[in-house]
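Notes follow once the structure below has been shown.
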2 protein chains.
Amino acid sequence: MAKLQKSIDKKNALVKATIELVNNHGFHATPMSKIAKMANVSPATIYLYFENKQDLVNKTYIEVKTKFTQYAFNTYKESMPVKEGFEIIWKRIAHFKLIECEHAMFLAQCDNTPMIDEPSRQEGIKHLQPLLDLWQRGKDEGIIKPISDYILYAYAINPLSYLMMMQKNGNFLLTETHIEEAYIAAWNSIKI
Amino acid sequence: MAKLQKSIDKKNALVKATIELVNNHGFHATPMSKIAKMANVSPATIYLYFENKQDLVNKTYIEVKTKFTQYAFNTYKESMPVKEGFEIIWKRIAHFKLIECEHAMFLAQCDNTPMIDEPSRQEGIKHLQPLLDLWQRGKDEGIIKPISDYILYAYAINPLSYLMMMQKNGNFLLTETHIEEAYIAAWNSIKI
DNA sequence: AAAAAAAGAATGAACATTCATTTTTATCGT
DNA sequence: ACGATAAAAATGAATGTTCATTCTTTTTTT
């Protein structure tokens, strides 16, 4: 195994362990020692890859957020009609939250607590730009309500996070039918 | 000042300090010593009122959640028509999140992290029963979509939490107009 | 054999909780 | 109504643990 590959493997193992432990216990309740143990690495080794605990979690956040948005916008083209584009993006997001539940949970926790520092948070927000552009186009074309992007996001996208939480807590099972129902509710709340 | 009153004052000061500090730094990053300092009390005194840190935050959660739901359902009567009842409850909830932002933020953080233990979390959920009953009535009358309560909640209520977060982060200012827009989006996504 | 990477042990700070005293409040006999 | 005293409440300091980070040594790679 090449040296570079080995380094990448270790870094990935650390990121993976961070996600799992932070998901289950929260940032401050996951010691570096446990992250190291789960990644089969010495605590000291973490500091070869990351500056400190905060840096580890910031970088993990950015990495996961990047994966998330890459997945979300993968099949979307700017040339698509607004309605079709929205449906595609929305369903990709839903799908990501379904199959990459751990990653999505981690993002939700980062976005809802003071765990991530402000620069990384801002960096994370940028990734959503294509969706905001799509909405702007929809507003210009008179298809989407001319209201604040924050409200559009609150009604069209954020509910998925809540459903994922409930799913994780075992309160209910998210099926394809639910996803379809949720999509319809999402579109109804933003379309004119 | 009567003895009992004094005790209640101290307990309230502790709860208030807990909310403020946990909001700004998270559960594990708020030491008991800081909570004590902010409440003008010795660290040891906390243990006269609460068993330990976990108990302090559990009890704080239940107290805030109780206040929240009392406020939310205050003017609602079961005799109201479904649509009117929902509008009243929804707007009370929105109003609470607007004027009692600190309390609402605290609840959001509790609901999105592993900070609260499971029994307290379950206890908190129970408080929402009147809203679930109203929705059931709406479904029976053919006014509200026959879909899972979780999805109804995700679309009708949860978006308010997101908007409150954005407001808190200074990203945008939540006005009466926004609230009205959001209410319409909420109703559109749950009505038949 | 030199350089780089990794490891385990060591360090020192921060923290939750408890302990030994002090201060406040309540009770009682006068 | 008053002071003495017992009980309760509150305190600051002490304790023992946990943890992030660093240091020194060992292992691996070049």
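Residue numbering restarts at 1 for every chain, and letters A, B, ... go by the order of the sequence lines.
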> Starting at CG of A:Leu14 and ending at C1' of C:dA6, how long is that distance when rounded to a whole Å?
Replying inline: 12 Å
>> Applying the side-chain contact (heavy atoms from CB on, under 4.5 Å) criterion to A:Lys139, which one of A:Asp149, A:Val82, A:Ile147 satisfies it?
In response: A:Asp149
>> Tell me every residue that passes side-chain hydrogen bond (donor to acceptor under 3.5 Å, both in side chains) with A:Glu118, counting only those two or more places apart in sequence or in another chain.
In response: A:Gln122
> Under the side-chain hydrogen bond (donor to acceptor under 3.5 Å, both in side chains) test, which residues partner B:Asp55, sequence neighbours left out?
Replying inline: B:Lys59
> What's the CZ-P distance between B:Phe50 and C:dT18, to the nearest Å?
Replying inline: 16 Å
> Which parts of residues 22-43 of chain A get close to DNA chain C, meaning a heavy atom less than 4.0 angstrom away?
Replying inline: A:Val41, A:Ser42
>> With side-chain hydrogen bond (donor to acceptor under 3.5 Å, both in side chains) as the rule and sequence neighbours excluded, what pairs involving residues 14-34 of chain B come up?
In response: B:Asn23-B:Glu102
> Can you check the B:Ile46 CD1 to D:dA9 P distance for me, whole Å?
Replying inline: 17 Å
> Of the candidate nucleotides C:dG8, C:dT18, D:dA10, which contains the atom at the shortest distance from the side chain of B:Leu48?
Replying inline: D:dA10
>> If I take atom OH in residue B:Tyr49 and atom P in nucleotide D:dT11, what distance separates them, rounded to the nearest angstrom?
In response: 8 Å
> From the list C:dT18, D:dT21, C:dA6, which nucleotide is the closest neighbour of the side chain of A:Thr45?
Replying inline: C:dA6
> Partners of A:Lys53 by side-chain hydrogen bond (donor to acceptor under 3.5 Å, both in side chains), sequence neighbours excluded?
Replying inline: none
>> Holding to ring pair (Phe, Tyr, Trp, His ring centres under 6.0 Å), I want the full list of residues that pass it with B:Phe106, two or more places apart in sequence or in another chain.
In response: none
> Between atom CD in A:Gln54 and atom P in D:dC19, what is the gap in whole Å?
Replying inline: 18 Å
> Just how far, in rounded Å, is P of D:dA20 from CG of A:Asp55?
Replying inline: 15 Å
>> What is the separation between atom NZ on B:Lys10 and atom P on C:dT24, rounded to the nearest whole Å?
In response: 10 Å
> Whole Å only: how far is the CG atom of A:Asn52 from the P atom of D:dA20?
Replying inline: 11 Å
